[in-house]
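One structure is given below, encoded as structure tokens.
Just so we're clear, the structure is a prediction, and the values are computed from it rather than from any experiment.
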Amino acid sequence: PCERSVFLVMTNSYAHTIEPLDPQKPDHKFFNLKKLKDPRYDQLPFSIRVLLESAVRNCDGFLVKKEDVEKILNWKVTQSQTVEVPFRPARVILQDFTGVPAVVDFAAMRDAVKKLQGDPEKINPVCPADLVIDHSIQVDFNRKSDSLQKNQDLEFERNRERFEFLKWGSKAFRNMRIIPPGSGIVHQVNLEYLARVVFEQDEYYYPDSLVGTDSHTTMIDGLGVLGWGVGGIEAEAVMLGQPISMVLPEVIGYKLQGTPNKYITSTDIVLTVTKHLRQVGVVGKFVEFFGPGVAQLSIADRATIANMCPEYGATAAFFPVDQISIHYLKQTGRDAEKLSYIEKYLKAVGMFRDYSNTAQDPQFTQVVELDLSTVVPCCSGPKRPQDKVAVSEMKQDFKTCLGAKQGFKGFQVAPERHDVRVSFQFNGAEYSLSHGSVVIAAITSCTNTSNPSVMLGAGLLAQRAVKAGLSVKPYIKTSLSPGSGVVTYYLKESGVMDFLSQLGFEVVGYGCMTCIGNSGPLPEPVVEAITQGDLVAAGVLSGNRNFEGRVHPNTRANYLASPPLVIAYAIAGTVRIDFEKEPLAVNSQGKEVFLRDIWPTREEIQAVERQFVIPAMFKEVYEKVEKVNERWNSLKAPSDKLYAWDPSSTYIKSPPFFDGLTRELQTPKSITDAYVLLDLGDSVTTDHISPAGNIARNSPAARYLTSRGLTPREFNSYGSRRGNDAVMARGTFANIRLLNKFINKQAPCTIYLPTGETMDVFDAAEKYQQAGHPLLILAGKEYGSGSSRDWAAKGPFLLGIKAVLAESYERIHRSNLVGMGVIPLEYLPGDSTESLGLSGRERYTVIIPPQITPRMTVDIKLDTGKSFQAKMRFDTDVELTYFHHGGILNYMIRKMSEN
């Protein structure tokens, strides 16, 4: 890195802006953007200033050019011109579900480079990469004091092979740090520990920035660190030194004013913002927050709002650093010397914000406003995070959804079945379930468990509920999965942990858990009752995603809510309740207890937070975070630079992506006479395409694992199997809630068109491939929304899918398709599967011309004689380069194989 810095300075067109930050330390320098003496700089949004600094510092005349700096400086004009610029993030962050396949790819790339007579050790991260293991633990045990220990034991039992592989990766690759299991959720660990805010490296200061292989990487934007989620494939390229090629975004200024009502939580605010920005339309744009209302929000509150950025569709949701950010760094035990240069540097380059000073307000593409005093308590659901429902309207909204046509807000239950009840026995007592009964109540997820105000709010509510004689029915699967050990520390110190435990909210693990579908099994009598009555049972979670089939197969309605509301709905036992008019419950003395009787105010919560959330806690937890897990420490891992693949492994397998790769490029060919594998509608998520949760016992993946000698108990989850392409290809489109128009019901199946047989998607794709037929997917709007899941592109690639034809794409997923060499085709405005009268049973020929340009229109011809046009969504020249190479990883291998 030092040699590279010297080289950059020698070749950098902006070397004249370099100066010491402190005259007493002449060797510690920075690129002073003020010395550009360009009046446009002070008008730029703060988020764009971060992109500019990166371009100036990395301007080598090759990967980053002087013209790129000018494009960013001229943002006021270029923002609307689809201008492409490079961006070199300071670091990369990964979690284990996406980290394992990244390390598998790196290991396979080393093998491929060696085959092409290159140096395999060139495949090595050149920027810091942190991998936090947080996605593997499941809620197998709950409600008992030993639940945490038992779940962690099972996590290691199931995932030992994956963990050993990751430990090999941390030794074999430079610049890769692993945060062991049991430490917390990646985004909270990033916020509380990993974030630098300002880097000091190779004697230079520069802003911290990152990309991550998880869509909620944006949470760090709340601390003033610019970051967003990318596909695993794109992250691997960044780790190998490639800049991200991005379209310079528009920036929506989001002005916050007013003060929240004393009963409002940060969760209510973020769900309101999500609904609002979905309506505004911010896909592919940055959102930057400003206005006096920002100063009313703690960093934890800002991080909560930034976390749900993918749910409102923006690329980033940026809160520039201010004095509250510096206070947070002190509170979380950051080093005092670092704090002094962080503030000094940011002020020197004009990136330190005073939200009360309107003279600092930059120019934005558009300004939208929210008065925080108008926010009301709310949830989101039952199937999408953007579908906000005021708590006062939940009862009526659920009733409406119950009878409405099948869709995002409908379950299509016949009116005469709305009040059906099913009785069942549990632990020797009789209970009953109906539509809307809560069967999962989980305080979980990076969105909320990082925020002391909502966690302590939940604790205070639990304390008052217990003292009022309230309880949670024993069959409801309650759980608490904090985002870091600090949370448990302050819950215990403040005296509220015992009350959470009494209501069934025992700590079950430190990880994402229920929010990503690792909710574990429900009690068998509960499952039988739901199945018997065909009930729309409910899950309530403090998460950020509630897509159908994600949280649990048996909870068809899932609502996102603040941690205190999760407890409230657990006590009520149903979402069919109006808390304003109906009591939560009647206690043993026959007294009606209303939610308003036990709900804590913001002032009460803040008083407890000031007393108990202190720097010493953070220091104590994080000083030992990389060494405290004894199971991790005892893992043995090989030290070879090339990985010795074990053919008997069902977790780690050398992928076939680079089989037959040569140094020479292949000319792109037209797609001829392709069959449609699936005909899909709107908002198909990456969970539909590549589920992360349980492997169904009747699925192609289950049959494969059974053939390898495994029992269902050993299947683990799809997410944990992402290092094995044989499992993941079979898991592609294996979500039980997939709605394929060919069969017109929810099932992971399709029709093999040559014979008309209905079969599992993988089995049909395999038959098409054996017959030599290319495949296509038809889809509607927002194809690939949800998690930044690279297997949602790798899986279709392995099924033989050459292109997807959709009305629109989620940003990260489109990028992932490009990264795998799958063509993202987009209908022209006004066109769709329906408007063009496509049945999906036609055969499609996509004409690929010899010369391709970004966003060009191509002809598509059908075997019926009909033809139409679509846009090829390669948005930049760099993406076209990747396509010509057959994908980004092929490009990197060829590049690294050059002498």
Side-chain angles (χ1 to χ4, degrees), residues 45-48 50-51 87 89 93 95 185-188 190-191 195 209-231 244 246 249-256 266-290 294 297 299-320 364-366 368 370 380 384-388 445-448 450-451 512 515 543-547 560 685-686 782 784-789 809-815:
F46 282 62
S47 50
I48 299 298
V50 179
L51 299 184
F87 174 53
I93 197 162
Q95 35 87 341
I185 301 174
V186 57
H187 308 304
Q188 185 162 346
N190 193 16
L191 193 70
S209 61
L210 70 150
V211 291
T213 57
D214 188 283
S215 50
H216 295 104
T217 299
T218 52
M219 184 168 178
I220 202 64
D221 292 339
L223 186 57
V225 176
L226 186 63
W228 61 86
V230 296
I244 282 178
M246 62 185 292
E250 295 183 349
V251 182
I252 306 301
Y254 199 87
K255 189 173 186 178
L256 294 175
S266 59
T267 316
D268 301 320
I269 296 171
V270 71
L271 295 180
T272 302
V273 169
T274 299
K275 171 84 170 175
H276 186 197
L277 284 173
R278 270 281 171 185
Q279 292 169 334
V280 170
V282 292
V283 173
K285 302 173 185 179
F286 283 3
V287 174
E288 186 167 309
F289 292 84
F290 75 111
V294 177
L297 303 176
I299 293 303
D301 289 342
R302 297 176 195 181
T304 298
I305 294 167
N307 177 283
M308 284 192 72
C309 176
E311 281 64 55
Y312 41 85
T315 300
F318 194 62
F319 289 84
F364 293 111
T365 308
Q366 176 189 353
V368 292
L370 175 68
S380 278
R384 293 192 306 182
Q386 64 262 40
D387 293 331
K388 185 188 82 160
S445 169
C446 51
T447 307
N448 285 292
S450 61
N451 193 324
C512 303
C515 189
N544 46 41
R545 295 264 164 83
N546 55 343
F547 302 127
L560 306 182
T685 70
T686 51
E782 298 177 350
S785 55
S787 303
S788 58
R789 198 161 287 174
Y809 292 88
E810 194 277 338
R811 176 185 61 85
I812 299 173
H813 184 62
R814 186 200 62 81
S815 170

Over all heavy atoms of both residues, which pair between [X] and [Y] is shortest? Give the atoms and the distance, please.
X      : Y      : value
Ser266 : Asn451 : OG-ND2, 3.0 Å
Leu191 : Ala303 : CD2-CB, 3.9 Å
Thr218 : Ala316 : CG2-CA, 4.3 Å
Gly543 : Thr447 : C-OG1, 4.2 Å
Ser450 : Met219 : OG-CE, 2.8 Å
Val294 : Arg302 : O-NH2, 3.3 Å

Between [atom1] of [X] and [atom2] of [Y], what distance do you get to the nearest 0.5 Å?
X      : Y      : atom1 : atom2 : value
Asp221 : Ile305 : CG    : CD1   : 12.0 Å
Cys515 : His216 : SG    : NE2   : 7.0 Å
Ile48  : Phe286 : CD1   : CZ    : 5.5 Å
Asn448 : Gln188 : CG    : CD    : 10.5 Å
Cys446 : Gln95  : SG    : CD    : 10.0 Å
Met246 : Arg811 : CE    : CZ    : 8.0 Å

Trace of the side-chain contact (heavy atoms from CB on, under 4.5 Å) decision for Glu311 with Leu277
CA-CA 9 Å; Glu311 281 64 55; Leu277 284 173; over 6 Å; no
Any side-chain heavy atom of Thr686 within less than 4.5 Å of one from Glu810?
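Thr686 does not reach Glu810 side chain to side chain.
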Got Val230 and Ser815 here, is their nearest side-chain heavy-atom distance under 4.5 Å?
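No. Closest side-chain heavy atoms not under 4.5 Å.
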Going by side chain to side chain donor-acceptor pair (under 3.5 Å), Asn544 matches just one of Thr304, Thr274, Asn307. Which one?
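Running side chain to side chain donor-acceptor pair (under 3.5 Å) over Thr304, Thr274, Asn307 with Asn544 returns exactly one hit, Asn307.
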Stepwise side-chain contact (heavy atoms from CB on, under 4.5 Å) check, Leu297 with Leu256:
CA-CA 10 Å; Leu297 303 176; Leu256 294 175; 3.6 Å; yes
Side chains of Glu782 and His813, donor plus acceptor under 3.5 Å
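Side chains of Glu782 and His813: no pair found under 3.5 Å.
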Any luck finding a side-chain donor-acceptor pair between Ser215 and Arg545 under 3.5 Å?
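A donor-acceptor contact under 3.5 Å links the two side chains.
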With sequence neighbours excluded, residues passing ring-ring contact (aromatic ring centres under 6.0 Å, His included) with [X]:
X      : answer
His187 : none
Phe547 : none
Phe46  : none
Phe318 : none

Pick out which of Ile812, Thr315, Ile220, Leu210 makes a side chain to side chain contact (heavy atoms under 4.5 Å, CB included) with Trp228.
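Result: among Ile812, Thr315, Ile220, Leu210, Thr315 is the only option passing the side chain to side chain contact (heavy atoms under 4.5 Å, CB included) with Trp228.
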List the residues meeting side chain to side chain donor-acceptor pair (under 3.5 Å) with Ser47, not counting sequence neighbours, and say none if there are none.
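Residues passing side chain to side chain donor-acceptor pair (under 3.5 Å) with Ser47: Glu288.
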Run the side-chain contact (heavy atoms from CB on, under 4.5 Å) check on Leu51 and Leu226 step by step: do they pass?
CA-CA 9 Å; Leu51 299 184; Leu226 186 63; 3.9 Å; yes
Under the side chain to side chain contact (heavy atoms under 4.5 Å, CB included) rule, collect the residues that match up with Asn546, sequence neighbours excluded.
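Expected list: Pro385, Asn558, Leu560.
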